[in-house]
Amino acid sequence: MKSFIVRLANLIGETGIYRLLCPNRMPVFMLHRITEGPTALAGAMPADTLRRYLTYLSDRQYHVLTMTELLAVVEQNQCIPDKSVMFTIDDGFRDHHDLAGKIFDEFGFPLNFFVITDLLDSKLWPWDDQINYVIAHTPKVSADIVLPSGQIHPIDLENKTQRQAARELRNQLKREDQEHLYDWLRNQLYPVLDVAFPTDIPPEYRPMSWDDARSLRARGHGVYPHTCSHRILSTLSLAEKQAEINQSLERVETELAYRPDVFAYPTGRRSDYDKNDVAELKKSGFRMAFNTVPDYVRQGQNPYELSRFSLPERLSEFLQIVNRFEALNRRVLRQPELPANFLLTR
Ligand SMILES: [Zn+2]
């Protein structure tokens, strides 16, 4: 029944009525991993699904904004063109260049990449993926983990899926002091779960190269910093925050020979960054920053808290956001601007 209503709503959406009723806002989407053929990556989007979404936008003459165009909307309060949409992709994995970037090229659409600079330097792979990896490879079915705070976190793979167990541990670690997180993973978590820490970055978590990043910029895409290590900024000391922001800025500036002025917060919930991070970004010359709170970007809004929708797995859900039925839905149902779980404070 729900899917019938959504299909009907999307059919009506083809007239542009929802965009008329909910003007001056646009969706910015956040892609994750993209795959062609079989993959070890849970939750990766098939390349053909992405192509189907972009074909829809291309056939209907949607305008896929560049970062410069978005800056004019939020900084100079310019009107948002009616059929606007924008795309971003975080972290800087190899498939982001090899698949996502190339698919966007096929359509002539810009894609904006936020890169973890230590990942592109092959110094680390993201802590959240190190958790996915260890949970996927542990021979143990249960273990009590001593978190950096000393608190005990039980792992129970008898009653929970790997995905659930990894998510629970990730969420728990988002509440911990993350200063020594990478040491803790390698020296505490991996040994307790009987997994050898990989000497090389596992193939599915390998980064794109800086050459790839330069090539993306030359092809009209955006490349911006997303910290050095992907640790959650709100858990770090002021000195660590400054280092994450400024050193990642410098790495991009050095490698790509331009000074980036847009940023994305790691994991990006409201509780994952704070006013000190925003102040630091301003001080370093950043003009916009993205979080991951699912909502539309509005004309003239705070440029340091730009919302993004996760790119949905289903076309009907993608259309619902693009045609702004989702915006109308939120208004009519008087739903809070944000789902309650995004407002939880740490
Ligand atoms: Zn990220």
Side-chain angles (χ1 to χ4, degrees), residues 28-35 41-45 67 86-97 99-101 111-133 163 166-167 169-171 173-176 178 181-182 185 201-202 204-208 210 212-213 216 221-236 240-241 243-249 251-252 260 262-274 277-278 280-281 286 288-294 304-311 342 346:
V28 177
F29 288 102
M30 175 176 46
L31 282 71
H32 300 282
R33 305 299 300 271
I34 307 293
T35 177
L41 284 169
M45 173 174 277
M67 205 60 91
M86 187 173 174
F87 293 91
T88 64
I89 188 163
D90 289 8
D91 297 344
F93 294 108
R94 192 189 279 176
D95 57 296
H96 291 177
H97 172 269
L99 277 171
L111 177 57
N112 296 284
F113 295 75
F114 290 98
V115 299
I116 304 167
T117 56
D118 278 358
L119 175 65
L120 265 66
D121 286 330
S122 291
K123 286 185 187 163
L124 55 76
W125 41 300
W127 65 270
D128 9 9
D129 290 319
Q130 293 193 12
I131 290 169
N132 297 337
Y133 182 93
R163 224 171 157 174
R167 188 177 54 230
L169 181 54
R170 280 199 313 269
N171 285 340
L173 284 166
K174 286 178 185 176
R175 301 191 195 98
E176 296 271 322
Q178 293 202 339
L181 179 60
Y182 282 94
L185 287 164
I201 299 177
E204 65 271 33
Y205 300 119
R206 291 209 181 126
M208 66 168 80
W210 285 110
D212 291 336
L216 287 169
H221 303 293
V223 183
Y224 309 93
H226 183 44
T227 71
C228 301
S229 76
H230 211 247
R231 288 175 303 167
I232 292 179
L233 292 173
S234 58
T235 73
L236 300 177
E240 293 270 333
K241 287 171 185 294
E244 287 284 350
I245 291 170
N246 294 314
Q247 287 173 14
S248 62
L249 166 67
R251 282 303 290 135
V252 172
V262 188
F263 186 82
Y265 305 104
T267 77
R269 304 169 308 166
R270 279 259 157 78
S271 53
D272 296 337
Y273 59 94
D274 57 34
D277 300 314
V278 175
E280 194 56 37
L281 288 175
F286 284 99
M288 294 197 289
F290 287 90
N291 59 30
T292 61
V293 177
Y304 296 92
E305 295 205 78
L306 298 171
S307 289
R308 289 184 291 176
F309 289 102
S310 223
L311 189 64
F342 282 92
R346 296 172 44 251

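Below, each value reflects all heavy atoms present in this structure, side chains not excepted, and no hydrogens, waters or symmetry copies. Order of appearance sets the numbers: ligands from 1, and atoms from 1 within every ligand.
Atom CD1 of I232 and atom CD of E176 lie 11.0 Å apart (nearest 0.5 Å). Distance CG/L236 to OH/Y273: 16.0 Å, rounded to 0.5 Å.
Between D277 and K241, at least one side-chain nitrogen of the basic residue sits less than 4.0 Å from a carboxylate oxygen of the acidic one, meeting the salt-bridge criterion. Salt bridge D129/R33: absent, no basic N to carboxylate O contact under 4.0 Å.
Side chain of Y205 to backbone of Q130: no donor-acceptor contact under 3.5 angstrom is found.
In this view, H226 and D91, H230 satisfy the side chain to side chain donor-acceptor pair (under 3.5 Å) rule, not counting sequence neighbours.
Note on the Zn ion (ligand 1): protein N/O/S atoms under 2.8 Å are D91 OD1, H226 NE2, H230 NE2.
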